[in-house]
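Below is one structure, written out as structure tokens; comments come after it.
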Amino acid sequence: MLRFQSYLPWGMMLCALVLVGCGFNANSSMVPVSGKILVDGVPLQNAEVHFFTDEQSSSAKTDEEGNYELIAGTLPGVNKVYVTKWGGDLSLFDPTEGLDAGQMAAAAAVRPVGRRARTNSKTPKQVLPAKYSDPVKTELRVSVPESGLEGADLQLTSK
């Protein structure tokens, strides 16, 4: 028992150093990014913006004026960007459940089947064109310098 107690402080210190070291190294190259998103010249409110590379992704939500700031920053270099904004009746979805863009798209794609099937105009749908909102089809790219980027503004069109 006495022998175990003498190793315990050293073991705890080693664990703490490993955890601190891993956390520091994982985020040391991330840089801050912020900007504004406009659609047809109008600020895009309550949208999600996602920056991603092959190694990581980061996201933010726009405010009433279309401004955003990436929560964890992003890696320097060219980042693909996609922006999602959902319209329709979102009351069916509980935000605490953490629905992501893919889950919302799947829910929007579900259509009733049968002769009397009708499309519900309240079904959530993506407001922005796929060239901005689809992570695979997005045409948006932002080159992020090693110092980070303020003013990473995106000028989108509704068509």
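Numbers here simply count residues along the sequence, with the first being 1. Just so you know, these numbers come straight off a predicted model, no measurement behind them.
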For E146, side chain to side chain contact (heavy atoms under 4.5 Å, CB included) partners two or more places apart: P76

Closest non-hydrogen atom pair, P43 against G66: CB-N, 3.8 Å

Considering all heavy atoms, the nearest A60-Y68 contact: CB-CB, 4.0 Å

Nearest-0.5 Å distance that lies between atom CD in Q155 and atom CD1 in I37: 10.5 Å

ILVMFWY cluster, L140 and L44 together (side-chain gap under 4.5 Å): yes

Atom pair OG (S58) and CZ (F52), whose distance is rounded to the nearest 0.5 Å: 12.5 Å

Q126 side chain vs K85 backbone, donor-acceptor pair below 3.5 Å: yes

Sequence-distant partners of Q56, side-chain hydrogen bond (donor to acceptor under 3.5 Å, both in side chains), two or more places apart: T74

Heavy-atom closest contact (V31 atom, V144 atom, distance): CG2-CG1, 3.5 Å

Any donor-acceptor pair under 3.5 Å from T138 side chain to V81 backbone: yes

Closest approach of A47 to V83 (non-hydrogen atoms, all atoms of both residues): CB-CG1, 4.2 Å

Between NZ on residue K137 and NZ on residue K131, distance to nearest 0.5 Å: 13.0 Å

Qualifying residues under side chain to side chain contact (heavy atoms under 4.5 Å, CB included), relative to D153, sequence neighbours excluded: K36

CG-NZ distance between L70 and K61, expressed to the nearest 0.5 angstrom: 15.0 Å

Joint hydrophobic cluster, V142 plus L128, side-chain heavy atoms closer than 4.5 Å: yes

Closest heavy-atom pair and its distance - S133, Y82: O-CD1, 3.5 Å

Atom pair OG1/CG of T84 and N46 - distance to nearest 0.5 Å: 11.0 Å

By side chain to side chain contact (heavy atoms under 4.5 Å, CB included) - contacts of D40 (at least two apart): T157, S158

Qualifying ring-ring contact (aromatic ring centres under 6.0 Å, His included) pairs with a residue from residues 123-159, counting only residues at least two apart or across chains: none

Worked check of side chain to side chain contact (heavy atoms under 4.5 Å, CB included) between L75 and S29: CA-CA 6 Å; L75 291 174; S29 60; 3.3 Å; yes

